[in-house]
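One structure is given here, and the rest of the page talks about it.
This is a predicted model, so every value here is computed, not measured.
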Amino acid sequence: MLVKTYAAALQGINALTVTVETVVQPGVMFCIVGLPDTSVKESQERVRAAITQSGYKMPRMSTVINLAPADVRKEGSAYDLPIAVSLLVGSGLIKTAELDKYMIMGELSLDGSVMAVKGVLPMAIEARARGFKGIIVPSANVTEAAVVNKLDVYGVENLRQVADFLQDPTTLSPTVVDTRAEFAAASGNFDFDFSEVKGQENVKRAFEVAVAGGHNILLIGAPGSGKSMMAKRLPSIMPPLTLGEALETTKIHSVAGKLPRGSRLMTMRPFRAPHHTVSPVAMVGGGTHPMPGEISLAHNGVLFLDEFPEFPRSVLEVLRQPLEDRFISVSRARYQVEYPAGFMLVASMNPCPCGYYTHPTKKCTCAPGAVGRYMSRISGPLLDRIDIHVEIMPVPFDKLAEARTGEASAAIRERVIRAREIQARRYAGEPSIHCNAQITPKLQSRYCALTPEGMAILKRAMEKNDMSARAYDRILKVARTIADLDGADDIAPQHISEAVNYRSLDRGSYGQVF
């Protein structure tokens with residue numbers, strides 16, 4: 001008897017429908033074909049034990065299972081449940097006419113329990129796109145899949161529940177999630193606030209400019225000056241995720257298995273802070289079983305690299321292409337996948353190995369030449385891709401002892417949102433452009449025109465600091481953002497002057513600063 005159930009395979013952050021074709025006939029052979037990996041092949045023993053423990057007597061029959069399309073590699077244990085269901089139907093243990101209406105995914109325990117799997121959200125999106133009436137998933141994943149509307153989502157605890165449902169659909173009720181209401185209610189809660197930061201007004205301003213235009217930023221200062229503390233507060237001033245961004249971000253974390261049990265749609269922009277011992281593969285993604293890396297997990301959010309020069313050169317250099325293109329293509333001998341990587345890079349570093357080269361009171365103990373060698377760990381091309389460089393000085397005692405709190409994140413966020421709204425209207429006809437940091441040279445010539453006074457300021461800065469053409473582009477983009485924060489249609493000389501001041505660490509000025 002030939003039976004077909006439907007599952008899904010992950011390709012990058014998207015899913016592809018997989019047809020589980022099962023033939024049960026007299027004999028003793030059990031075979032799974034269709035390019036399965038080891039974990040799929042091992043499903044034979046899990047499925048047999050789960051069927052037996054669920055109260056069914058598994059007949060000794062020859063079974064051939066084909067996972068189509070056969071040229072797509074099938075990985076993971078999520079095929080256990082659709083294979084088990086196809087065996088129950090093919091063996092005549094249950095009778096149903098509902099198989100072609102549902103996509104089924106889940107890992108089976110030996111006692112018949114259905115355990116959580118990765119990537120349920122893109123699978124649910126694929127099920128809706130392919131016209132399935134519903135999807136059957138583990139109860140631990142049901143709220144994650146339920147954010148997809150116009151699709152019946154059923155959460156199951158064990159194999160017996162699935163069998164009973166397929167014979168009588170009234171035994172289970174679909175899970176319903178009001179995505180828009182929950183998204184609106186949870187999108188404004190933050191653990192950290194800029195009101196807790198004493199002093200550092202120039203740094204707060206730089207952060208505001210960076211977030212308003214989606215610019216990358218580098219913080220440089222002595223230990224304890226507040227670099228990490230302020231970086232952790234960046235999500236509190238970032239514009240809220242749109243529903244489209246939230247869905248895309250949640251898909252990435254779902255595929256990576258980073259969503260906790262019972263998760264729904266992500267409402268906060270991600271903040272990823274990998275340690276400086278991270279490997280290139282962990283940063284960009286890939287591996288034996290391809291998974292998104294840190295740059296993709298930070299998509300639509302912040303990638304914070306503390307102790308920037310301590311990262312291996314190989315790790316830092318892989319950032320150059322995704323910083324420009326906003327995606328990463330991972331090519332290996334056995335696969336090629338593409339992950340989105342539209343993140344805001346925030347990096348922090350000390351000015352020298354001992355950390356006190358620019359400290360106003362503490363003396364630097366580094367050997368001659370150590371400062372230059374330390375700074376040279378960051379390549380010129382990578383530094384060029386960082387729009388804003390900010391030097392941070394320690395906060396004096398008087399500022400720390402002040403009872404008055406600083407400006408709240410909510411007030412800064414309002415200005416950022418207004419600036420982003422201006423940019424959204426400006427680039428409404430450009431589907432791939434969402435903020436000033438992404439504008440192309442063609443749009444730059446249209447929207448970043450300078451007055452003669454502004455052009456003179458920029459020319460002097462370029463010649464004095466020996467800046468590159470990429471630095472020229474970055475300065476214009478930052479100046480456009482500063483003008484947007486002021487609500488100005490044109491870039492004024494003061495806007496270009498502020499933007500130039502944010503390029504103090506360009507390669508041509510290293511010797512002067514350090």
CZ-OG distance between F327 and S296, expressed to the nearest 0.5 angstrom: 11.0 Å
Non-neighbouring partners of Y374 that pass ring pair (Phe, Tyr, Trp, His ring centres under 6.0 Å), sequence neighbours left out: none
Value rounded to 0.5 Å, distance of CG in L247 from CE in M266: 11.5 Å
N-O pairing of E317 and R320 below 4.0 Å: yes
Reported CG-to-OG distance for the pair D193 and S409, which is rounded to 0.5 angstrom: 3.5 Å
Side chain S254, main chain V120, donor-acceptor under 3.5 Å: yes
Sidechain-backbone polar pair: Q423 side chain, A212 backbone, donor-acceptor under 3.5 Å: yes
Test item: L458 and E453 side chains (from C-beta on) under 4.5 Å apart, heavy atoms: no
Side-chain donor or acceptor of S331 paired with backbone N/O of Q336 under 3.5 Å: no
Sequence-distant partners of E407, salt bridge (Lys or Arg N to Asp or Glu O under 4.0 Å), two or more places apart: R415
Intermediate values then yes/no, salt bridge (Lys or Arg N to Asp or Glu O under 4.0 Å), K204 and E201: CA-CA 5 Å; K204 293 179 187 177; E201 301 304 326; 3.7 Å; yes
Aromatic centroids of Y6 and F132 separated by under 6.0 Å: yes
Short side-chain to backbone donor-acceptor contact, E126 and L16, under 3.5 Å: no
R470/E324 salt bridge by N-O under 4.0 Å criterion: yes
Sidechain N-carboxylate O distance under 4.0 Å for D484, R418: no
Option among L234, I388, V197 that satisfies the side-chain contact (heavy atoms from CB on, under 4.5 Å) test with F207: L234
Partner of I13 under side-chain contact (heavy atoms from CB on, under 4.5 Å), chosen from T249, I252, L121: I252
Rounded distance (nearest 0.5 Å) linking atom CZ of R128 with atom CE of M103: 12.5 Å
